[in-house]
Amino acid sequence: MTISLIALAILLVMVFARIPIAFAMAIVGGVGFALLRGWSPAGAMVGNAVFETGLNYSLSVVPLFIFMGNVLAGSGIAQGLFSAADRVFGRMRGGLAMATVLSCGGFSAVCGSSLATAATMSKVTMPSMRRFGYSDSLATGAIAAGGTLGILIPPSVVLIIFGLLTEADIGKLFLAGIIPGIVGIIGYLLAVMVAVRMNPALAPQVSEVRPMNTRDAVSVAAVLGLFVFIMAGIYGGFFTPIEAAGMGAAAALLIAFATGGMTRAALWTAFLDSATASAMIFAIIIGAEIFSNFVSFAGLPDALSSQVEDMGLSPWVVLLLIVVIYMVLGCFLESLSMILLTVPVFYPLVSDLDFGLAVLQDPDAVLIWFAIIVVVVTEISLITPPIGMNVFVLRSVLPDVSLGTIFRGVYVFWVADLIRLALIIAVPILSLYLAT
Amino acid sequence: MTRTGDRPEDLAPDMIPGRTPHRHAVWYRVLAGAAALLIVLLVAVTCVDVVGRYLFNRPFGGAYELTQILLAALVFAALPLTSADGGHVEVDLALHLLPVGAQRALGRMAAFVSAAVLAYFAYRLVLIGIDQFHEGTRSASLDIPMAPLAFLAAASCVASAIAMILRPETA
Amino acid sequence: QELIMSSWLPPKHPIVVNAFEPWAEEVEAATDGRVTVRIMGKPLGSPPAHFDMARDGIADITYGLHSFTEDDRFSRAALGQFSFLGDDAIENSKAYWSIYGGDLDAAEEHAGTHLLGLFMHGPGLLHNNVRKIETPADMQGLKIRVPGGYVADLLSALGATPLFMSSPEVYEKLSRGVIDGVAFTYEAMTAFNLVDHIKYSMAVPGGIYNTTWFFVINEDRWNSLSEEDRAAIDAISGEAFAERVGQAWNDADDTAKEEIGDKVDFYQASPEVVSALHSEATRLEQAWSDSLGDGYDGTAALAKFRDVTGVSVE
Ligand code: NA
Ligand code: NA
């Protein structure tokens, strides 16, 4: 356990020295493995991780779900979604921030990645909020938080990866994310209201209400149509959740061309952004694989679970403990590497617990509920400093806003997330109602 | 850090003229084109498989494998692009506490460390490729040899390493 | 000395619980605690990488399927992957250990490692949810997930459409009607949660297919153990391990059959179907045997195998 903690500390130092997270994990994992096991085996292990990650069939959802979102972004549909949402909240103080949250939620229904959701919606919503004099912190906070919904509301790359790690039914996991996702949207809307009530300077009252136009209606219809297409395809038995990524991307292309909003330049950008985002994510998965091989070799998972077992705690305390560990790790780890590192450790632990609730009698139900809890803590980690991926994405899209500003704007949403997490833990039926 | 709030609002930041000259380089456009083609092929493979099996009861038996190989090819085609863009996730949270000179030095060091890691990846991929070439490793249903993929991956890592080093300092 | 074993099956898989874990404990007992085996909770690489992982020393001990990778390495291992080989996993595994391990020089195909075991599971069946296959023509158009090239050739010759995918994908595809059936064991029906999505399971004498497994330790690591310890470990490995793991597979199949009960229509293939399969199988066996080159007689090895397990099909 000590050696793992030392490694984690070194990893953090390297990360703060600006070494990309993917490569820092590869170095610490590779060198650590070599010290325990020898240089030649460590080299072979690193080589395997690099070569085989790209060949993982299930991970094909990463580029394709991102591409689907980018196509819709390029076609102006994300913009229409935002305008339509703006119609709902236009006259309220902070209305644009609330429209941002709502349109992020809508976009999440057709995008599998939180990063892509945040990146897309920032390009769409940030200019409006700036034009009307919203503070950068509230504006970016709403986008960063709203973007996290991308992995909870189906489709979701993270839920697919969770399903693969635990052999859970991905179709059920997708259904399970819907209600908690809606709860998340409501929570964020309330967070905006609270924030502007506490500090009205964050958002001016906007009196201008633009007229509804066909484009907005078409955009909303397109997003709804695509969501229904994906869900009906999966639950109607036409394709698997993994194939849904390819089918969804094809449908998105059709919609984009049919609605006529897609320029050649925008299509090119959609391809390029999807490719580079995928390579970025795969580099992280490779680094996480190398690092997690080292950590598991060093015995951290075994030590952790045997420690928990030895303490003889009640199932609820164990679960809370796990959530706390996730929150702490979530500060420092990137979201996907966190899932890859922790789920194999904690899932066996949780699946053995008896929570004494009728809805949790079925082991599958526990698994689904746990999946949603994990996704929600992961969402929280996406906006928790120092390493909050969504915040980084915003930072790269909006280079003139400082990280500090974004994190300042995020904290109200962070509080809303904590409340939602408590709710989802205390009321398992929120996650299970649609899935069972 | 400059405020650019008054720039044209419909201009995405990654399109700001002068910020991304490398995106116009020939090698970048070629690789980006290849990546775009691979995405199209990934989508097409799924569509051919799904549509084929419902409309014509003719599923595409090689879909699984082809998806795997196209995915790996896409990742390695895109890796040099991400590296040249400075697109890898890095933390610059505490950096502003340091003087500009130190920030730059740290950035250079990080680039060289990253390049070294990528070069090592390339070396291991070459070893894997040689191994697979001798063992005749191929995919199960389509008999696609795997060694070329490993060599392509190695070349991609080398290109990415070079891109990391040549990337202008933006701190 | 602690030996590291990388295990990619789920930790509660019957052969992990009933074969590998007891074997690991017995290693410790047999060597008076001088050698221990630590089974990792999470594998150190993807399943197909597991042979190379032992050879390269990433882990000391690994197991896996010979058919994981398609290459020229384990050509002779295919001995145990044909049809009509045997209905009892213990007999299968013992015959495989002795014939592939002896006549076909398995050690040479596993260079860089020391063999701890070679084994097979119980008979493979053909499950589907469309119709009972009573004549060869009933196979026409069925989309069947197959575990490897041999079964693919066999079924496509009879008009079915073979498809490849990983085992966990089978549930997604079968439950959504993307595929009609799957060539799997009894045990896999419950392990992968398929029972509700299968209606008919056709058995042929000795199984329609089987899979072959290796269980190996890194050669250098093996040689670093004392002669006494190596002898002690060898004594509980090889044939003894074939017996142990075969028992684990048999028990898993029995448990599965009990759990499934009459939710699935289990039936024996008609003579007509068996004979159609057999003539195709014979052709494929011959092609395999010819490909082995001089020095190895695949046909004779298969005959010997069936002689030991007592399966004979006309
Ligand atoms: Na989503
Ligand atoms: Na974080």
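First the proteins, then the strands, lettered A, B, ... as listed; each starts at 1. These values consider heavy atoms only, across backbone and side chains, with no hydrogens, waters or symmetry-generated copies.
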Enquirer: Taking atom CD as the centre, does Glu258(C) end up with more than 12 heavy-atom neighbours from other residues, nucleotides or ligands that are less than 6.0 angstrom away?
Expert: no
Enquirer: In Å, rounded to the nearest 0.5 Å, how long is the span from OG1 of Thr240(A) to CG of Leu174(C)?
Expert: 12.5 Å
Enquirer: Which value, rounded to the nearest 0.5 Å, describes the distance between Asp52(C) atom CG and Asn48(A) atom CG?
Expert: 6.5 Å
Enquirer: What are the two closest heavy atoms between Pro241(A) and Glu172(C), and how far apart are they?
Expert: CD-OE1, 3.3 Å
Enquirer: So what's closer than 4.5 Å to chain C heavy atoms on Phe297(A): side chain, backbone, both or neither?
Expert: both
Enquirer: Relative to chain C, which segment of Ala44(A) carries a heavy atom at a distance below 4.5 Å: side chain, backbone, both, or neither?
Expert: both
Enquirer: So which atom in Gly57(C) and which in Pro41(A) form the shortest heavy-atom distance, rounded to 0.1 Å?
Expert: O-CB, 3.2 Å
Enquirer: For Pro43(C), is it the side chain, the backbone, both, or neither that has a heavy atom closer than 4.5 Å to a heavy atom of chain A?
Expert: backbone
Enquirer: Tell me, for Asp169(A) versus chain C, whether the close heavy atoms (under 4.5 Å) come from the side chain, the backbone, both or neither.
Expert: both
Enquirer: Applying side-chain contact (heavy atoms from CB on, under 4.5 Å), run through Met45(A) and Asp56(C) and close with a yes or a no.
Expert: CA-CA 9 Å; Met45(A) 185 273 284; Asp56(C) 299 338; over 6 Å; no
Enquirer: Any idea which of Met165(C), Met40(C), Met53(C) has the most non-hydrogen atom pairs under 4.5 angstrom with chain A?
Expert: Met40(C)
Enquirer: I would like to know whether Phe33(A) and Leu44(C) meet side-chain contact (heavy atoms from CB on, under 4.5 Å); could you show each step before the answer?
Expert: CA-CA 11 Å; Phe33(A) 198 88; Leu44(C) 293 171; 4.2 Å; yes
Enquirer: So which of Arg37(A), Glu289(A), Glu52(A), Glu243(A) has the biggest tally of heavy-atom pairs under 4.5 Å with chain C?
Expert: Arg37(A)
Enquirer: Is chain C contacted by the side chain of Ile242(A), its backbone, both, or neither, given a heavy-atom distance below 4.5 Å?
Expert: side chain
Enquirer: Relative to chain C, which of Ile170(A), Thr53(A), Asn293(A) shows the most heavy atom pairs under 4.5 Å?
Expert: Asn293(A)
Enquirer: Pick whichever of Ala59(C), Pro48(C), Pro11(C) has the most heavy-atom pairs under 4.5 Å with chain A.
Expert: Ala59(C)
